[in-house]
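Inspection log for the structure reproduced underneath, given as structure tokens.
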Number of protein chains: 2
Amino acid sequence: LWIVMGKMYCIILVTKIIKNIYVSKTATKTVSEFEYDAPSMKTAVPGPKSQELLRQLGEIQNVGAVHFFCNYEESRGNYLVDVDGNRMLDVYTQISSIPIGYNHPALIKVMTNPNNVSAFVNRPALGILPPENFPDKLFESLLSIAPSGMSRVQTMACGSCSNENAFKSMFIWYRNKERGYASPSEQEVDTCMINQSPGCPDLSILSFMGAFHGRTMGCLAATHSKAIHKLDIPSFDWPIAPFPKLQYPLEEFVRENAQEEARCLEEVEDLIVKWRQKGRPVAGIVIEPIQAEGGDNHASPDFFSKLRNIARKHGCAFHVDEVQTGGGTTGKFWAHEHWGLDDPADVVSFSKKLLTGGYYHRDELLPYRIFNTWMGDPSKNLFLSEVLNVIRRENLLEEVTRSGKALLQGLYALQTQYPHILSRTRGQGTFCAIDTCNDATRDSIMLKARNKGLFMGSCGEKTIRFRPALVFKEYHVHQLLNILNDILAEHK
Amino acid sequence: LWIVMGKMYCIILVTKIIKNIYVSKTATKTVSEFEYDAPSMKTAVPGPKSQELLRQLGEIQNVGAVHFFCNYEESRGNYLVDVDGNRMLDVYTQISSIPIGYNHPALIKVMTNPNNVSAFVNRPALGILPPENFPDKLFESLLSIAPSGMSRVQTMACGSCSNENAFKSMFIWYRNKERGYASPSEQEVDTCMINQSPGCPDLSILSFMGAFHGRTMGCLAATHSKAIHKLDIPSFDWPIAPFPKLQYPLEEFVRENAQEEARCLEEVEDLIVKWRQKGRPVAGIVIEPIQAEGGDNHASPDFFSKLRNIARKHGCAFHVDEVQTGGGTTGKFWAHEHWGLDDPADVVSFSKKLLTGGYYHRDELLPYRIFNTWMGDPSKNLFLSEVLNVIRRENLLEEVTRSGKALLQGLYALQTQYPHILSRTRGQGTFCAIDTCNDATRDSIMLKARNKGLFMGSCGEKTIRFRPALVFKEYHVHQLLNILNDILAEHK
């Protein structure tokens, strides 16, 4: 009886706290002048205009994944406006790829600067004929935020191409080591032309169950988040290690979680040995700092640091895939900076919020023979330089840390209030997530939220993921929590 | 004796014709007003500024493939200006990816139109949140030039991603057929997550020796042009058929070439049967209309038409890779339109001159489960729409046919004049090539040409390839032939 009463008291208390936190519908507007105040809904989503456009696009393409059509001209900051005039607080931001919100004035300035026209109109083949300002722009943009230990960077057009080419760099590096940096044999040169070993060696990349590294065929062989990504596509026989399944709240499961991480690391070493014996040695280990698509799965800095040591011990390259976690959303520019590694990664890949794809790498991984026509797009580097200026000028990493804290606290409070619906609140910066009791509930909450002006993303089986832009402020956190609270209160 | 005298007479005659053709250094300027008159060289290439920038970029990236640095602001039409003020006639055009020359006024207009700003500043995740004008822009651009039989199109960010996803579409289509369009089994769903069959089936793509389809791991397994692309990268056990090696001039080797094509087609059928027996059935056949990177290898319309029938007969999809040949450079918008197929291809992929990557496909190949974050870039579709307007307004396909004819004739004449250096002149539209006696000679001619203001590309082992923009006119052809003639005359 005491326990039940205690719980009830607790819920009442939490409700009070939440009421206090959420008195923010009329809160002072602290965001940049150019932004809207709040969501504003005119129709259910998708509205009639979106539905008509869906029909039109459906004649050309599969539209199964399209949510609605957008009016990007009218969208501002954290608010996405659709073609039916609905204005939503967007905490999914084009699958986490809009760094500083919609139509940021600084980016519009880049576009309208006559000095920049040529970079947009004449897309060069960067690998053979780079523009004059290319080294400068790289220093200003990507090199200025290079992760520790990374002095070299290769741009690419998208996340998948970044990871594909990072894998290739690791394979080439591994084979160069194996043959003592000698020239390849005639047999290697001949056999590679017909896809046979030793020229095309039986090397592998070790990845983790739940991982997502992209959907081209190399990346896809390291992706294990959803069957829908992989079904019917031929793949490679590469080792797949378990990713730790942590229990929450972390402070209550310290021993269990440490054991779980140790178990996964042990399995990694076993797989490396097993695949070497099989004749398919592991050239590289690839891992996300937080498994995003796979359900926002976290592990401790200790886990990653030990994993890095295992890679070192077995002569495998260590590739940190920051395509979704990079760009400041965890409160540091790179999520793996939270680990405090003594021995840096060998490769760090990026895309999305960085606007250009690519990867950093250590000197030893000379990207010899990494090439394609475009090798990125210098017009994206121009935008990135300006995004970095805005991040520095507006102290957006501090903002993210502050907003992230408020978001996590609010989600914890909701979880305590609705324990039958919500669990496993987790996050770093504004890179947050919460689980629901099942996928139907998750999907229903998301649809209701959308109709109330809150656009969120999903991941894993029953997880809601939050991926706001870096200009997401405490003011927006409260809007988000208010809407979620309303929906949960109505939820049967 | 008569034969020798006949040959000498012939050379004298050809020299006269060439002299007549090439009196064009002061020819009337017929190109758009905004363009330069002629090449203008100030330093050897790379000049001192390029060398300094090479040193700077070398600290960040491998610069082994960089020719020189460019001043894209000053480049115009067919003329590429480098950072040392050298102005070259560019017949390589960023590996064939600049459709209507540098800084075309129509494209600058697109950039400076305030209505377009949002498309550049807010890159959407097209698969979930397309912009309002997306269906319209697709109809205006890609759908307006769809190859016969192709009503559906999927955009992608680059050529490799286009081919990777086209392959995936063919695999999915093939497996859907195999299981009678039923839902996948539980076993398929489970095994695909760990890269095992039947979920990840042992299917293959049949490609051709000499082919180039891109350098991500799926594409690379179908690429067989140079060892440098493939060495050290794991691959798939997929069948590789011989591509016809035609003898030139075609009219002298009609019987031999027909036999050669028949031999290759026979081998294709044998491989399909063999790989089916091996348990790795061929889901699709991929081929370039002209093997570009592999050395500008041509085959007859009859060959391609019979190949298409073989694909149909064996239930394989037929994928025409127009990444390099598409966009008007052969005189038709798609090179495979020259074949006059009764039964259209199943997939046609594109990139480069189209500015956006992607692929067309027949209705049956529903690209179900083809997805990534960006799925292309709508700002590139804006440029493409305008490029198509210019092509139509300025009748550029006719222009290409006219210039291509002049280029081929001029190359034939040079080949006749310098038979110890040149051979196998071939081409369609301005998509032309000529072989040299060996790679050292080829490379030496190309460097000399560059220093005289003519920038060309190479392919295969000893081939020079010509890939001018669609605004390349007869006037430019004569400039090109003049420079080549000067170099060949000096060549020992």
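To find a chain, count down the sequence lines: A is the first, B the second, and so on, and within it residues start at 1.
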Using non-hydrogen atoms and a 4.5 Å limit, figure out which bit of [X] sits close to chain B: side chain, backbone, both or neither.
{"X": "A:D202", "value": "neither"}
{"X": "A:D377", "value": "side chain"}
{"X": "A:I240", "value": "side chain"}
{"X": "A:R179", "value": "side chain"}
{"X": "A:F134", "value": "side chain"}
{"X": "A:E178", "value": "neither"}
{"X": "A:S50", "value": "neither"}
{"X": "A:L355", "value": "backbone"}
{"X": "A:Y72", "value": "both"}

Which word best sums up how the rings of A:F236 and B:F236 line up, parallel for under 30°, tilted for 30 to 60°, or perpendicular for over 60°?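 The rings of A:F236 and B:F236 lie parallel, inter-plane angle below 30°.
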Do you know which two heavy atoms are closest between [X] and [Y], and how far apart they sit?
{"X": "B:F120", "Y": "A:F383", "answer": "O-CE1, 3.5 Å"}
{"X": "B:T155", "Y": "A:Q61", "answer": "N-NE2, 4.0 Å"}
{"X": "B:F69", "Y": "A:P131", "answer": "CD2-O, 3.4 Å"}
{"X": "B:L129", "Y": "A:H67", "answer": "CD2-CB, 4.0 Å"}

When only pairs under 4.5 Å are counted, which of [options] shares the most heavy-atom pairs with chain B?
{"options": "A:S118, A:G199, A:P130", "value": "A:P130"}
{"options": "A:T216, A:V83, A:V66, A:L231", "value": "A:L231"}
{"options": "A:S225, A:A227, A:G218, A:P201", "value": "A:P201"}
{"options": "A:M193, A:H224, A:K352, A:R175", "value": "A:M193"}

Is it the backbone or the side chain of [X] that comes under 4.5 Å from a heavy atom of chain A, or both, or neither?
{"X": "B:N103", "value": "both"}
{"X": "B:L143", "value": "side chain"}
{"X": "B:T191", "value": "neither"}
{"X": "B:M170", "value": "neither"}
{"X": "B:Y174", "value": "neither"}

Could you measure the distance from the [atom1] atom of [X] to the [atom2] atom of [Y]? Nearest 0.5 Å is fine.
{"X": "B:I128", "Y": "A:Y92", "atom1": "CD1", "atom2": "OH", "result": "5.0 Å"}
{"X": "B:N116", "Y": "A:M111", "atom1": "CG", "atom2": "CE", "result": "7.5 Å"}
{"X": "B:L138", "Y": "A:L57", "atom1": "CG", "atom2": "CG", "result": "6.5 Å"}
{"X": "A:C200", "Y": "B:D232", "atom1": "SG", "atom2": "CG", "result": "8.5 Å"}
{"X": "A:N62", "Y": "B:S169", "atom1": "CG", "atom2": "OG", "result": "10.0 Å"}
{"X": "A:I95", "Y": "B:W374", "atom1": "CD1", "atom2": "CH2", "result": "10.5 Å"}

Which of [options] touches chain A most, by non-hydrogen pairs under 4.5 Å:
{"options": "B:L107, B:T112, B:V153, B:L126", "value": "B:V153"}
{"options": "B:N71, B:V189, B:N372, B:V117", "value": "B:V117"}
{"options": "B:S97, B:P198, B:G64, B:S151", "value": "B:S97"}
{"options": "B:V110, B:I194, B:D363, B:N163", "value": "B:I194"}
{"options": "B:A221, B:S379, B:A157", "value": "B:A221"}
{"options": "B:R280, B:Q196, B:K226", "value": "B:K226"}

With the side chain counted from C-beta on, respond yes when [X] and [Y] share a heavy-atom pair under 4.5 Å apart, and no when they do not.
{"X": "A:C158", "Y": "B:C158", "answer": "no"}
{"X": "A:I172", "Y": "B:I233", "answer": "yes"}
{"X": "A:H104", "Y": "B:V121", "answer": "no"}
{"X": "A:E73", "Y": "B:N122", "answer": "no"}
{"X": "A:F139", "Y": "B:I60", "answer": "yes"}

[X] side chain to [Y] main-chain N or O, any donor-acceptor pair under 3.5 Å?
{"X": "A:K168", "Y": "B:R215", "answer": "yes"}
{"X": "B:E164", "Y": "A:M217", "answer": "yes"}
{"X": "B:R369", "Y": "A:H229", "answer": "no"}
{"X": "A:Q94", "Y": "B:P124", "answer": "no"}
{"X": "B:R123", "Y": "A:I98", "answer": "no"}

How would you list, by chain and number, every residue that makes a side chain to side chain donor-acceptor pair (under 3.5 Å) with B:E386, sequence neighbours excluded?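 Residues passing side chain to side chain donor-acceptor pair (under 3.5 Å) with B:E386: B:N389.
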Taking salt bridge (charged side-chain N to carboxylate O under 4.0 Å, His left out) as the test, write out the residues that go with B:D82, two or more places apart.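 Residues passing salt bridge (charged side-chain N to carboxylate O under 4.0 Å, His left out) with B:D82: none at all.
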